[in-house]
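Computed over heavy atoms, backbone and side chain alike; hydrogens, waters and symmetry mates excluded.
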Amino acid sequence: MDDYLKELFGEKNEEPKNETQTSEEPFSAPETTTAPVIPEAPKPSVPAEPEAPKAPEFPEAPKAPEFPTAPIAPEKPEAPEAPTAPTAVIYPEEPKPPVAPAEPKAPAQPSFAPPTEPVNNGFNTHENNYYSPQTGGNTYIPPQTEQPRFIPPVYNPNPQAFNNNRNPVQPPAPGRNGINPPVNTTQPQSPKKKSKGLIVIMVVAIICAAVALFGLWASGSGSADSKNNSSSSSSSADDSAAKEDAQVTVGDSADAAKTDSSGELTVAGVVDKVKDSCVGITVYTEQDAYSYFYNYGNGNNSSGGKTASGEGSGVIMSESGGKTYIMTCAHVIADGSSFTVSLDNDKEYEATLVGYDSQTDIGVLSIEATGLTVAEFGDSKKVVRGEDCIAIGCPGGLTFKNSVTRGIVSGLDVPVSSSIGYSNECIQVDAAINPGNSGGALFNMQGQVIGINSSKIASTDYEGMGFAVPSNTAVETANSLIKNGYVADRARIGISYTTLSNYDSAQSILSALAQKGFENAEGTMVIQEIEDESDLKGKVQQYDMIVAINGKTLTSVDVLTSVLSKSKPGDTIKLTIARIDGNKINTFDVKCKLIESKRNN
C-alpha cells in the first residue's frame, strides 16, 4: 500500500494541515471501478458496489459533510456536452497556485474527491470540499478567494483505471496543476455523444417530416386549385341559381272588399263609388307689375298676367243644359278671376264662376262638360254623433288630390262664424281636415255627401276638430246661386260696418255705454257706409254705432246676424244707435225695414 502511494504521489508525505483530519494514514484511492459519467445512484455515503469493502478505512470521509457543499445544479444545459477525447479537469486559478517541481516521478499532484457522496448531476460533489496535494502530501486546502466553478463530466476511454486487485492501469495524462479527473464509483454509462446523436436523428426526422408535410400541402394546394378552377364555373352557376331562388315574387292578392258581410259599403267601397265625383280646383288672379306689390301704382300697366293664387277641393253636384256644376267653398273662389277644374283622371276643364255666399261659405263653378259622375247628397238632419264618415279632398293642393281620411261625427249644430261674421251651424268631425280640403265633400258610409268641409280649429292646443257645412244648407244655398246668382229671400240692413274693438278708444266708449245700461257691448258695430236703398238712409250717419237690436245688447256680432238670418226681406227690426256728441254719448232707437240681399255676402 505504501509503495503504491509513493509511486502514485511521490516520496513526500507531509501531515495534513487541516485540524479536522484525524487519521495519519496516507490517502489511498478506493478500490472501485471508475468512469467519467455521472453516477445515477443518489446515495450520499458509500458506493453501491459490493466490491468496495475498504471504504470504511478512511476515517476522514464521515467528516466531509462538515464543510459547506455546493448546490446541485441539474439545470445546467452544458452538462451533456462531454469531450470526445481524454482531457483533464480544469479548476479555477488560485491566488497562489502550488509550484509543481519538474520531478520525473511526480510531474503532477493528482487529487481525488472522496467517493462518499456520488451525485446524479454530472458534477463533482462539494465544490468547496476538494482535496489538493501540497508539497507531495494529501493536505486539504479550502479555496482562498475564488469559488470553483462546476466541473463538466469527463469522458474516460479506459474506465478500468483501477481494478479490484489494486493493479494500477496507466491513467490519462494529468491536467492543469497535476490534477486528474475524478473517478466514479458506479457502473459506466453510455457516452453522452450517443444522446446527442439521438437528438440529431430526431431533428433530421422532424425536418424530413416537415418537408413531407409541405410536399403534401403543395400537392393538395395544386389539386385544390385545379378543383377550384374546375368548380369555379359550377360555383358561379350555383350562386346564380341561389340568387334566382332568393328573388321574391309578388303573389296574387284579393281585391279590397267593397262591401262587408251585411252588404254595407266599406271605406274602399265608398271611395270607389265617389272618387270620380271629387275634383281639384286651381284659382287664378290677374296681377300687373305695380299692383302685385301691395297694390302699388295705378294698375294701368298691361304687362300683368294670370297667376295661380290658390288651390282647393270640390264635388260635382249636378249637370244641366250641357253644363256641369261644381260645389265648393266661398272662401276658395271669392278672390279668383278664373279657375280650372281637375278630375280624378287628371283631365282639366276651364271653369266659370256662378256665384258664392260668404254667409254660408258656399260657392259654385260650372264647366262645359257632360257625362261626368255626379255625387249623391244625403239628408244632414239624419246624421248622428259617432257615425262613421270619410273626407276626400286635396290637402296641400293638387299634389295630394283626392286624399282620403276617415273619422266619425263628433258634434252637430256646432256654431262656427263665417268670414263675414255670420254664425253657421256646422257638423264637427275628427277626420283630418287640412288647408286644401276646403270645398271637398264629407261622405257617410253609403257614399252620400252629408257636408262640405269648410274649416278647422288651427291651433296647437286643439287637434281633430274639423267642421263641415251641413249638406242641407249647402244644397239650398247652391241651388239659389245657380238659379239667381245670389241667395234669394235673404234679408239685410244695407250697410257696411267695422267693430268697435278696432278703435283705440274702444275701452272708454264701452265704459260710457255700460253707464247707460249697455254692459259688455263688445259686438258694437260702427257704421261706415249706408246704401241708397237701405231704410237707414237719412236716419243715421257715418260713425254712428249700433249697440242693440230689438232691445238686446250686442255682446257680439252674432247677436245681429242671428236675427237677420231668421228674418225675411220686408221685416222690420229695432236698432239702438249711440252717437258721440262732443264729450258725450247719446243713444236713440230707430226702426229699419230689411231689404233683400242680392249680393254674395
Side-chain angles (χ1 to χ4, degrees), residues 295 330-331 334-335 355-362 415-425 455 477 486-487 489-582 584-601:
N295 294 322
H331 72 265
D335 297 328
Y356 62 89
D357 179 42
S358 296
Q359 181 174 327
T360 58
D361 197 22
I362 295 297
V416 177
S417 297
S418 65
S419 60
I420 60 174
Y422 283 85
S423 179
N424 297 309
E425 294 178 348
S455 60
T477 301
Y486 60 92
V487 178
D489 294 333
R490 178 172 291 171
R492 65 187 186 92
I493 298 174
I495 62 171
S496 63
Y497 67 92
T498 60
T499 57
L500 180 62
S501 60
N502 292 327
Y503 292 87
D504 295 337
S505 58
Q507 290 301 320
S508 59
I509 293 174
L510 289 174
S511 298
L513 292 175
Q515 293 177 1
K516 292 183 174 291
F518 302 99
E519 295 182 357
N520 301 323
E522 281 84 2
T524 298
M525 304 168 68
V526 180
I527 299 174
Q528 298 294 319
E529 292 182 2
I530 305 171
E531 297 177 8
D532 292 338
E533 59 181 338
S534 175
D535 190 43
L536 292 180
K537 188 71 173 180
K539 297 179 180 179
V540 296
Q541 62 186 21
Q542 187 181 23
Y543 303 125
D544 283 350
M545 297 175 286
I546 301 175
V547 297
I549 183 172
N550 295 335
K552 188 175 182 180
T553 302
L554 298 183
T555 55
S556 67
V557 176
D558 292 343
V559 175
L560 188 145
T561 57
S562 178
V563 172
L564 292 179
S565 64
K566 297 176 182 178
S567 301
K568 298 294 182 179
D571 293 346
T572 301
I573 58 174
K574 182 180 75 172
L575 300 175
T576 301
I577 306 298
R579 180 179 294 172
I580 298 175
D581 188 6
K584 295 193 307 181
I585 294 180
N586 298 321
T587 60
F588 57 94
D589 294 335
V590 298
K591 291 184 177 180
C592 178
K593 186 177 181 179
L594 299 176
I595 61 176
E596 184 179 20
S597 175
K598 297 181 180 180
R599 305 165 63 178
N600 293 322
N601 51 24

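- Atom CG of Asp589 has more than 12 neighbouring heavy atoms from other residues, nucleotides or ligands inside a 6.0 Å radius.
- Of all non-hydrogen atoms in Tyr356 and Ser358, the two that sit nearest each other are CE1-OG, 3.7 Å.
- Across Leu536, Ile493, Thr572, a single residue satisfies side chain to side chain contact (heavy atoms under 4.5 Å, CB included) together with Lys593, and that is Thr572.
- Minimum interatomic distance between Gln359 and Asn424 (heavy atoms only, all atoms of both residues): O-ND2, 2.6 Å.
- In summary, Lys568 and Asp489 do not engage in a salt bridge, as defined by a charged side-chain N under 4.0 Å from a carboxylate O.
- Residues Glu519 and Thr553 come closest through the heavy atom pair O-CG2, 3.7 Å.
- The two atoms that bring Ser597 and Tyr486 nearest to each other are O-CD1, 3.3 Å, heavy atoms only.
- Of the candidates Ile546, Val547, Val540, Asp544 forms a side chain to side chain contact (heavy atoms under 4.5 Å, CB included) with just one, namely Val540.
- Judged by distance alone, with hydrogens and angles left aside, the side-chain atoms of Gln542 form a donor-acceptor pair with the main-chain N or O of Gln528 at under 3.5 Å.
- For Gln541, the CD atom sits in a packed shell: over 12 heavy atoms of surrounding residues, nucleotides or ligands are nearer than 6.0 Å.
- A pairwise comparison of heavy atoms in Ser534 and Gly494 identifies CB-O, 3.4 Å as the closest pair.
- No donor-acceptor pair under 3.5 Å is formed between the side chain of Glu596 and the backbone N or O of Ala491.
- In terms of heavy-atom proximity, Lys539 sits nearest to Phe588 at O-CE1, 4.3 Å.
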